[in-house]
Number of protein chains: 2
Amino acid sequence: MKMSDRKKKILQIVVDEYINTAVPVSSKSITEKHLTGVSSATVRNELASLEELGYLTQFHTSGGRVPSPQAYRFYIEELMQKGNLSEKDLDYIEQAFSDKSHDVEHLIKSVSSVISELTDYTSVAITPHADEETIRNLSLLPCGDGNALLVIMTSERILRDSFIEIPENMNDEDLEKASKMIGGLFAGKALAEVRETEEQILSDFGQYRQVMSEVIEALKSYTRPRDEDILLTGPEKIFNHPEYEDIENVKNFLTVISSKDRLADIIEGEDDEIQINVKIGSSGDKDVPDDCSVVTATYSAGGKNLGTYGVIGPIRMDYPKVITVLENVGKALESLVNGKNKDKKDNSGNERKGK
Amino acid sequence: MKMSDRKKKILQIVVDEYINTAVPVSSKSITEKHLTGVSSATVRNELASLEELGYLTQFHTSGGRVPSPQAYRFYIEELMQKGNLSEKDLDYIEQAFSDKSHDVEHLIKSVSSVISELTDYTSVAITPHADEETIRNLSLLPCGDGNALLVIMTSERILRDSFIEIPENMNDEDLEKASKMIGGLFAGKALAEVRETEEQILSDFGQYRQVMSEVIEALKSYTRPRDEDILLTGPEKIFNHPEYEDIENVKNFLTVISSKDRLADIIEGEDDEIQINVKIGSSGDKDVPDDCSVVTATYSAGGKNLGTYGVIGPIRMDYPKVITVLENVGKALESLVNGKNKDKKDNSGNERKGK
DNA sequence: TGTTAGCACTCTCATCTCATAAGTGCTAAT
DNA sequence: ATTAGCACTTATGAGATGAGAGTGCTAACA
């Protein structure tokens, strides 16, 4: 059976209506509010047919219809009409990003918080992978107790640090020399490269072999995302959505978002080509819980990867709104980053500027 | 009216029973399980009297009695019998702390997680105040774009970093000189001291005046606790306690713990003299929500402040268990820190080793 | 052949009643 | 001071009931 235009229209109405009201949609309400000119019986026939096609389900015989995950997917692909943000919302974004501080961490927090506020869903964010970054600066600082502090900064100003052990006989001056040497060696290299050239690097080193190997170990550990790299904003927002009046759903949700590892799995694994990615519960993605949807966007601007952001919430999510917000935030970020680059050196490129 | 011994005994039974079962306690159950030898009518009289004294309340006339916050306070002060941890639990603590990594951050996470696991409540932790620490190392690292990265490490290995602006004409060598100079100047100073001596320090500086003032600004900002300094572990644990079958309570709880600022207020403001601190809802402490209790312990060992840890949960909390766990974790921490110091240099002191 | 009116059927939901069980407060006896 | 006994209160759960919503089906219609 094919999808006639009227079927599509009706499906769109059902999804729109259900997103807005959270109430199963009846044939009557469709003819009354949206599709005047046909009788409810006609709509009823179409609904039955859409149900057969797998787009709609009923909880019980007299309960109206509810979109299936498949329907949401189709809706997002073909039916959804994206809106525009209100002036107020646009202002809000601008306001939030106008902060003077250039700090990546603060920016990430702002972005995450803006998304959560504007969409009214819980927002998740993961900072860009250090893996792809190049090392801008690497230093070893003395601690004075047989350890040194390794600090690295990458091209995108991501910082990592750890304590490493140094030989007993190494004094502060030696350490400084080692620091300069190792720092110079790694400057400009990508973290991912370190692993590849590990043997070569190690073999080249006599004097600072031990320190060197500790540094490499540390660098290797930086490629894994840390708990702190995953940000969760506004978990309490779920209470604004009626599906979370059921304690079981809350329990499930809270359990999922409590595990940073789990969260990372959920928002990771993006296809870089696609800018906005929607995962709808029980879509075969085992990481996303059955009754949740996750919409994420990976931002990059001026050749910089700025992380992946998104919202997690019920399957009955306001996709048009969420996607609109994510797009607008993306634009704002882009102009922020480009604008800033222009102010300084205009070293922006277009290498990785999403499709 | 005074509290007879029998009244105390009965109050203790009621609180114990209610903590264990979450069911209002009846006169009958008391005489049957705990106080054989008296009739339920006698107990009933005592209960009525305890109610008059403000220790007990009833939801409705045939519903048994429930302890009031006042009763919990009295219970903790006078009636409670602390248990011992099981072998299994003790092993668990030891296991968790045997991690090789000496990193403060990991330690804090372990502690928080252990507390949450053993008590079955949500655990909160706040890292020690950088304010009281002395600066062990301060360095300025070049970024290459008109900024420098300031990194400090304190005596307790707390790290802070920020980007500061440097003058246009300052090259990497100048920066290194400035770094050494400023680093030397602040080494051994407490962060709190910086503020006091600010004017003097600034006036002494000609050449690096601007950098210096940026550094001081940054140092001042380190005294405020950051979001990352507040750790929340196991929020989903609340679902193991029947009071959180009510969605309103969950909502309230989640809203409170979602705000790091709020959390900080709740577990801050400890009296340093008291090692374990119990705040019971509606106790006049406006930060703690009405239907929550917070039990915290501030740990210090070998002269080091190791942060404040605790649990947040329903007023009907298993205080004996929680307090026992907190005490045992404290002991384990102490022996860990002392042990470690012995291994190395035995530079431990007894300056601040809580009573 | 597609559309529609009409109607029986199903299911939920709120309300009511009713009986039961639990627990208390009070009184009078010990 | 304690206790047995009993009336009183309230929660809880199990039907029963009726209203309301929505559907599926059938037969008539354009």
Side-chain angles (χ1 to χ4, degrees), chain A residues 1-11 13-15 17-18 20-68 71 242-243 245-246, chain B residues 1-11 13-15 17-18 20-68 71 242-243 245-246:
Chain A
M1 202 183 316
K2 264 209 46 205
M3 282 280 273
S4 68
D5 280 357
R6 193 171 67 185
K7 276 202 183 57
K8 288 187 186 172
K9 176 77 183 160
I10 289 176
L11 185 55
I13 291 170
V14 172
V15 178
E17 187 74 8
Y18 189 60
N20 284 326
T21 63
V23 173
V25 183
S26 74
S27 56
K28 198 170 146 222
S29 74
I30 292 176
T31 54
E32 277 175 359
K33 291 191 223 160
H34 306 277
L35 205 71
T36 52
V38 235
S39 83
S40 68
T42 311
V43 174
R44 217 143 49 228
N45 287 332
E46 297 283 48
L47 289 177
S49 156
L50 281 166
E51 183 166 354
E52 216 170 314
L53 289 166
Y55 290 105
L56 299 176
T57 48
Q58 297 180 277
F59 290 133
H60 46 263
T61 132
S62 73
R65 257 107 174 175
V66 163
S68 68
E243 16 280 283
E245 269 154 32
D246 180 351
Chain B
M1 202 183 318
K2 264 210 46 206
M3 283 281 272
S4 67
D5 279 356
R6 193 171 67 185
K7 278 202 182 56
K8 288 185 186 175
K9 176 78 184 159
I10 289 177
L11 185 55
I13 291 170
V14 171
V15 178
E17 188 74 7
Y18 189 60
N20 284 326
T21 64
V23 172
V25 183
S26 74
S27 56
K28 199 172 145 219
S29 75
I30 292 176
T31 54
E32 278 174 358
K33 293 191 224 160
H34 306 278
L35 204 70
T36 52
V38 234
S39 84
S40 68
T42 311
V43 173
R44 220 148 41 234
N45 288 331
E46 296 283 48
L47 289 178
S49 155
L50 281 166
E51 183 166 354
E52 214 171 315
L53 288 167
Y55 289 106
L56 298 176
T57 48
Q58 299 181 276
F59 291 132
H60 46 263
T61 132
S62 73
R65 257 106 175 175
V66 162
S68 69
E243 17 279 281
E245 270 155 31
D246 180 351

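Lettering of chains follows the sequences in order, A, B, ..., and the numbering in each one begins at 1. Computed from a prediction, not measured in an experiment: that's the story for all the values here.
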Kindly say whether B/Tyr55 contributes a backbone atom to a donor-acceptor pair with the side chain of B/Ser68 at under 3.5 angstrom? yes
Can you check each nucleotide of nucleotides 13-24 of chain C against protein heavy atoms at under 4.0 Å and return B for base, S for sugar-phosphate only, - for none, in 5' to 3' order? ---------BBB
Starting from P on D/dG22, measure out to CD on A/Glu17 and report it in whole angstrom. 11 Å
Rounding to an integer number of Å, can you tell me how far A/Asn45 CG sits from D/dG22 P? 17 Å
Can you measure B/Asp5 atom CG to D/dA1 atom C1' for me and round it to whole angstrom units? 17 Å
Protein-nucleotide distance (A/Lys33, atom NZ; D/dG22, atom P), rounded to Å: 10 Å
Go through the steps to decide whether B/Met3 and B/Leu50 satisfy the test side-chain contact (heavy atoms from CB on, under 4.5 Å), and finish with yes or no. CA-CA 9 Å; B/Met3 283 281 272; B/Leu50 281 166; 3.7 Å; yes
Answer yes or no: is there a donor N or O on one side and an acceptor on the other, between the side chain of A/Ser29 and the main chain of A/Val25, under 3.5 Å? no
If you pin B/Gly37 and B/Phe59 to their nearest nucleotides in DNA chain D, which one's is more 5'? B/Gly37
Could you measure the distance from the CD1 atom of A/Ile13 to the NE2 atom of A/His34? Nearest 0.5 Å is fine. 6.0 Å
State the CG-CD1 distance between A/Leu47 and A/Ile30, to the nearest 0.5 angstrom. 4.5 Å
Whole-Å distance separating the CD1 atom of A/Ile30 from the P atom of C/dT3: 15 Å
Kindly compute the distance separating NZ (A/Lys7) from OG (A/Ser49), expressed to the nearest 0.5 Å. 3.5 Å
